[in-house]
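Worksheet for the structure shown next.
We use all heavy atoms of the structure for the numbers below, so side chains are in, but hydrogens, waters and symmetry mates are not. For ligands, and for the atoms within them, numbers begin at 1 and follow the listed sequence.
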Amino acid sequence: MVLSEPLKLSSQNILFSRQDTLRGSITPQKDWWDLKYYHLDIVVNPSDSTIKGTNTVTYRVINPAKVMQIDLQEPLNLVKAAQNNKVLKIKREGNVYWIELAEKQEKGKIYSLILTYGGKPRVSSRPPWVGGITWKKDAGGLPFIASSCQGDGASLWWPCKDHMYDEPDSMLISVNVPENLMDVSNGRLRSIERKTNKTTTYNWFVKNPINNYGVNINIGDYTHFSEVYNGEKGSLNCDYYVLRENLDKAKVQFEQVPMMLKAFEHWFGPFPFYEDGYKLVEVPYLGMEHQSSVTYGNGFTNGYRGTDLSDSGWGLKFDFIIIHESAHEWFGNSITNEDIADMWIHESFANYSENLYLENYYGKEAGREYVLGSRRNIYNDKPVIGIYNVNNEGSHDMYYKGGNMLHTLRQIVNDDEKWRSILRGMNKDFYHQVVKGSQIENYLSEKTGLILKPFFDQYLRDVRIPVLEYYIKGNTLTFRWNNCVPGFNMPLKIYVSGREKIISPVSSFTSVVLDTENAVIKVDVNYYVATMLMTAK
Ligand SMILES: [Zn+2]
């Protein structure tokens, strides 16, 4: 996702309901079965803004049970659930359906369930920040339709197990649309079926595990062009779908795709979905990281809708949506947060990747200026980590503060090749996995060889910016960390009258002897900290 503007600060006093818990936690009715495969097979009708069809859910029984939870949000209706031609009892509770299985569910065995549903899905009032379907028209008056549902969840438009912890191993998405339109979904286009009723079904197959909010439909009068990128894992198919009227502009703007792939493969390792290919698909909203089908609506111009969110000038050197949303293929789609409270895994790294992209093409100083400039977007309103088990995102600071946190961590590591190998290692070791934030924190501690618990507690679980308090008496520099969590002990690079020095402040005052009297102290600006020169008494 991308940060919305203007930013709305959310209230800290949130009350959670039973619906939030059913949605945001791994309930016993979700826990006993493991998703293997989805076949979503739907008809999208632009003339009355409806969706209807089936989702066949294939799963393996982990622990036999009788009741299964399926999520489908109002105003859509689950019409029927069936297993082996037997219609099952279903009971609705808000956005949740309780499905009573008739057949004995044997441990280790694979079963399928066909869910039939339909209705008018919620229309998004503000895509992609408010989930739903967007029904627009192109310049020629033809329908231009797209889904977006991060946060609100995939159950907003199709019935599923709507929790990030479980992904199907693969998925077939069949979308029937009027014959003058095309659907572009995730993965590769397996077949096109022309129907006798002036409609066409597009069958898209995703070979890899896919997170639920990554699944998408994009329907319009698309035209297509493509290229092959020779990357670290071989030939990667890059396919681009845009409205006819934008073809020329897209051919120029999308030249940033191979540049993005080159930079990110260097920093993060191979693109994580070679089997499914890379796609960039034009949509009637800003954009979203849909897996192997990144959606694009940034106006074929650089920056974030033509503006530089960092105010450093560097933000206009790249197309924000191509760079940011594609970075989510590594952080978000390959490495996925288990609970949305840990969405910083997606957004902090995607934000940080913008800085690395700049560094790749314009040098380290450009990346630095960009990440420092972006601090103006940090609010420190509430912790970056949200509340677990209730489908609650943390602060918007997961973007810019998160990016600055990682930039700060790079300074502590103080070895760029080691830092790059850690980022690549993360993408190898957590390849196609759903993870908890703590796993990423522990991984970074282990690989850097640093005890980073206080560091992450400070930047992810607290809103305070640590302050280095210091004073100089003669040739003695005295300093400590204040405004910080207990045990905060981040080493810091300072310049003593222009000469680099690493100091190790803790929360009580300690001193070092300098080799000059009354030196001028400057803290390295790359660290996201505050500084206070105290007057010696
Ligand atoms: Zn994002």
Side-chain angles (χ1 to χ4, degrees), residues 1-5 7-8 124 126-131 146-154 164 186 210-216 256-257 260 263-264 267-268 271-273 278-281 283 285-298 303-305 307-310 315 318-337 339-358 370-371 374 377-379 384-386 393-407 423 426-427 435 437 440 460:
M1 178 114 61
V2 293
L3 184 62
S4 60
E5 266 200 335
L7 193 96
K8 274 193 210 150
S124 174
R126 204 166 150 261
W129 301 288
V130 176
S147 64
S148 57
C149 59
Q150 188 182 21
D152 296 281
M164 301 293 285
N186 314 74
I210 183 165
N211 58 31
N212 48 21
Y213 81 88
V215 176
N216 73 156
Q256 290 182 40
V257 169
M260 171 278 293
F264 290 169
W267 282 104
F268 308 142
F271 177 78
F273 304 103
Y278 173 87
K279 291 200 297 295
L280 201 51
V281 186
V283 286
Y285 64 89
L286 185 58
M288 175 55 74
E289 65 255 28
H290 298 117
Q291 184 174 315
S292 66
S293 127
V294 173
T295 49
Y296 180 87
N298 198 34
Y304 177 102
R305 287 176 163 145
T307 65
D308 175 11
L309 296 179
S310 77
F318 63 94
D319 188 309
F320 183 92
I321 292 298
I322 295 176
I323 303 309
H324 178 97
E325 303 306 339
S326 299
H328 281 305
E329 293 279 42
W330 285 262
F331 300 100
N333 296 335
S334 177
I335 305 176
T336 305
N337 58 229
D339 191 304
I340 203 170
D342 281 325
M343 199 171 143
W344 68 272
I345 301 168
H346 299 198
E347 299 304 348
S348 300
F349 283 95
N351 175 273
Y352 181 61
S353 73
E354 299 159 26
N355 158 12
L356 294 180
Y357 177 85
L358 280 169
Y370 181 79
V371 72
S374 74
N377 304 309
I378 300 174
Y379 287 79
V384 165
I385 295 177
E393 290 172 18
S395 166
H396 279 86
D397 283 347
M398 70 177 87
Y399 294 82
Y400 296 98
K401 187 175 176 179
N404 268 283
M405 174 185 79
L406 294 171
H407 185 66
L423 295 174
M426 232 182 107
N427 277 283
V435 298
I440 300 298
L460 298 176

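Because the distance cut-off is set at 2.8 Å, His346 fails to qualify as a neighbour of the Zn ion (ligand 1), as none of its N, O or S atoms comes that close.
Here the angle at the Zn ion (ligand 1) defined by NE2 in His328 and NE2 in His324 stands at 100°, rounded to 10 degrees.
Shown here are the ring-ring contact (aromatic ring centres under 6.0 Å, His included) partners of Tyr357, two or more places apart in sequence or in another chain: Phe318, Tyr361. By the side chain to side chain contact (heavy atoms under 4.5 Å, CB included) test, Ser334 is found to be paired with Pro272, Phe273, Tyr431, His432, residues two or more places apart in sequence or in another chain being considered.
Checked against Ser292 for a side chain to side chain contact (heavy atoms under 4.5 Å, CB included), the options Ile210, Asn333, Asn186 give a single hit: Asn186.
Nearest N, O or S atom of Glu347 to the Zn ion (ligand 1): atom OE1.
Residues His328 and Glu347 bring a donor and an acceptor atom of their side chains to less than 3.5 Å of each other.
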